[in-house]
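Remarks on the structure that follows.
Along the sequence shown, residues are numbered consecutively beginning with 1.
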Amino acid sequence: MKKKEKLEMLNCLAQKLGVLPQEAVEYFSAKVVESSSVVRECEVAAGVLPGMYVYVDGLISAELITGRQVKAVVGYVEGKTVYGICLKAKELPWSSDCLEVKAFRDMTDGKKATRKILAAAKRQRKNAEAAQWCYDYAEDGVTQGEAFLLSKAELEKLYVNKEAINKSLRILNATELRGWTWSSTEDYDNDAWIFLMDRGYRTTNPKNANYPYVRPVIAIPL
């Protein structure tokens, strides 16, 4: 069947259904744009890989470019968001006076959880050292308020790409992913979840313990 015949059949069907030609044109045009957008998003996401360098000017590249400031290393990509690992880590307690944030225990979005923890700390007049340090982090071109503490679920995604991430961090002489690392996920009253970056284990730990690492992360929309 020729293209003209197919279009005639389509026109007859549209008339039977009470659809105007212009409405059909608008519908199919929108579908083409929608499909193209999905393809572009997939292409961009597929082109960003763990271990790539995130530059202050927004460039994400597998190459280390002399004279340009690296602010983070790509940890993983989810949907249209790149999660970049900041270059420094610090040993701190989750909360030295055991702040409780019961309402947010099931949150899997570390960025939102970090903000909730800080809001709860302010209301209760308690400390939230791990979340606060991430929020205040302003190193290597990262601005205050940009970084956050990953959730337990997000740390697991990070661990899968540990080798590629650490390779780039070593090249930068930055702190590698290692040891026990705090998540933003609370367990019960006095405990929060930690993740062992060396072996992929997770467990709970007293919030006032000051030996797990705190690792700020930034989210970059594609």
Side-chain angles (χ1 to χ4, degrees), residues 33-90 104 107-118 130-178 181-185 193 195 197 200 202 213-222:
V33 171
E34 182 181 310
S35 299
S36 299
S37 297
V38 171
V39 170
R40 284 196 299 272
E41 288 169 7
C42 290
E43 287 175 345
V44 171
V48 178
L49 300 173
M52 284 187 169
Y53 303 105
V54 180
Y55 291 88
V56 171
D57 60 8
L59 175 69
I60 299 177
S61 173
E63 302 298 325
L64 188 58
I65 304 170
T66 303
R68 297 180 89 156
Q69 176 67 56
V70 176
K71 67 188 295 188
V73 169
V74 175
Y76 68 94
V77 181
E78 187 167 77
K80 295 186 288 183
T81 305
V82 174
Y83 291 83
I85 312 306
C86 295
L87 307 185
K88 295 179 177 63
K90 191 173 185 178
F104 317 125
M107 291 188 71
T108 57
D109 186 326
K111 187 171 186 177
K112 290 182 180 178
T114 298
R115 303 301 187 268
K116 296 286 187 182
I117 290 167
L118 293 177
Q132 190 68 58
W133 189 66
C134 288
Y135 182 85
D136 290 339
Y137 189 90
E139 305 276 351
D140 308 304
V142 177
T143 59
Q144 184 183 30
E146 186 178 5
F148 55 93
L149 190 63
L150 287 179
S151 70
K152 174 178 63 175
E154 290 168 331
L155 282 173
E156 291 176 354
K157 297 174 186 176
L158 193 66
Y159 173 75
V160 174
N161 302 318
K162 182 187 70 171
E163 289 187 15
I165 297 165
N166 278 347
K167 181 179 179 180
S168 294
L169 290 172
R170 281 194 297 272
I171 291 171
L172 295 168
N173 291 318
T175 307
E176 295 180 43
L177 295 177
R178 64 173 185 268
T181 302
W182 284 118
S183 76
S184 58
T185 310
W193 285 92
F195 192 90
M197 281 296 169
R202 67 181 188 183
Y213 286 103
V214 179
R215 192 67 184 233
V217 172
I218 58 175
I220 307 124
L222 292 173

| field | Minimal non-hydrogen separation, Gly141 against Val56, with atom names | value | CA-CG2, 3.9 Å
| Mind checking whether Val48 and Ile220 have side chains closer than 4.5 Å, heavy atoms only? | no
| message | I need the Lys111 NZ to Tyr135 OH distance, nearest 0.5 Å. | response | 10.5 Å
| Closest heavy-atom contact between Cys86 and Ile218? | SG-CG2, 4.0 Å
| message | Run the side chain to side chain contact (heavy atoms under 4.5 Å, CB included) test on Val74 and Leu49 for me, step by step, so that the C-alpha distance in whole Å, both residues' side-chain angles and the decisive distance to 0.1 Å come before the verdict. | response | CA-CA 7 Å; Val74 175; Leu49 300 173; over 6 Å; no
| Distance, nearest 0.5 Å, that separates OG1 of Thr181 from CG of Leu150 | 9.5 Å
| Ile85 and Arg215: side chain to side chain contact (heavy atoms under 4.5 Å, CB included), yes or no, with the steps? | CA-CA 7 Å; Ile85 312 306; Arg215 192 67 184 233; 3.5 Å; yes
| message | Please check this pair: side chain of Arg178 against backbone of Met197, looking for a donor-acceptor N/O pair closer than 3.5 Å. | response | no
| Verdict with supporting geometry, Val214 and Cys134, side chain to side chain contact (heavy atoms under 4.5 Å, CB included) | CA-CA 8 Å; Val214 179; Cys134 288; 3.5 Å; yes
| field | Leu177 to Asn166 - nearest heavy-atom pair and separation | value | N-OD1, 2.7 Å
| About how many Å separate CD of Glu154 and CG of Leu149, when rounded to the nearest 0.5 Å? | 9.5 Å
| message | Nearest 0.5 angstrom please: Gln69 CD to Asp140 CG, how far? | response | 5.5 Å
| Where do Phe195 and Lys152 land on the side chain to side chain contact (heavy atoms under 4.5 Å, CB included) test, with the steps shown first? | CA-CA 7 Å; Phe195 192 90; Lys152 174 178 63 175; 5.7 Å; no
| task | Mark yes or no for whether Ser183, through its side chain, and Trp193, through its backbone, hold a donor-acceptor pair below 3.5 Å. | result | yes
| message | Testing the basics here: between Leu169 and Glu176, what is the closest heavy-atom pair and its distance to 0.1 Å? | response | CD1-CA, 3.8 Å
| Take atom NZ in Lys116; do more than 12 heavy atoms of anything else shown fall under 6.0 Å from it? | no
| task | Identify the two heavy atoms, one from Ala113 and one from Ser184, that lie closest to each other, and give their separation to 0.1 Å. | result | CB-OG, 3.7 Å
| query | So among Asn161, Ile165, Val217, which one has a side-chain contact (heavy atoms from CB on, under 4.5 Å) with Tyr76? | reply | Asn161
| task | Look up atom CE in Met52 and atom CD in Glu63, then write down how far apart they are to the nearest 0.5 Å. | result | 9.0 Å
| query | Side chain of Thr108, backbone of Ala153: donor and acceptor closer than 3.5 Å? | reply | no
| query | Just how far is it from atom CG of Leu222 to atom OG1 of Thr81, taken to the nearest 0.5 Å? | reply | 7.0 Å
| message | Would you say that Phe104 contacts Lys112 through its side chain, given a criterion of any heavy-atom pair below 4.5 Å between the two side chains? | response | no
| field | Least distance between heavy atoms, Ser168 atom then Val73 atom | value | CB-CG1, 3.9 Å
| task | Using a cut-off of 6.0 Å, state whether more than 12 heavy atoms not belonging to Gln144 lie near its atom CD. | result | yes
| query | Parallel, tilted or perpendicular for Phe148 and Tyr83, by the 30°/60° rule? | reply | perpendicular
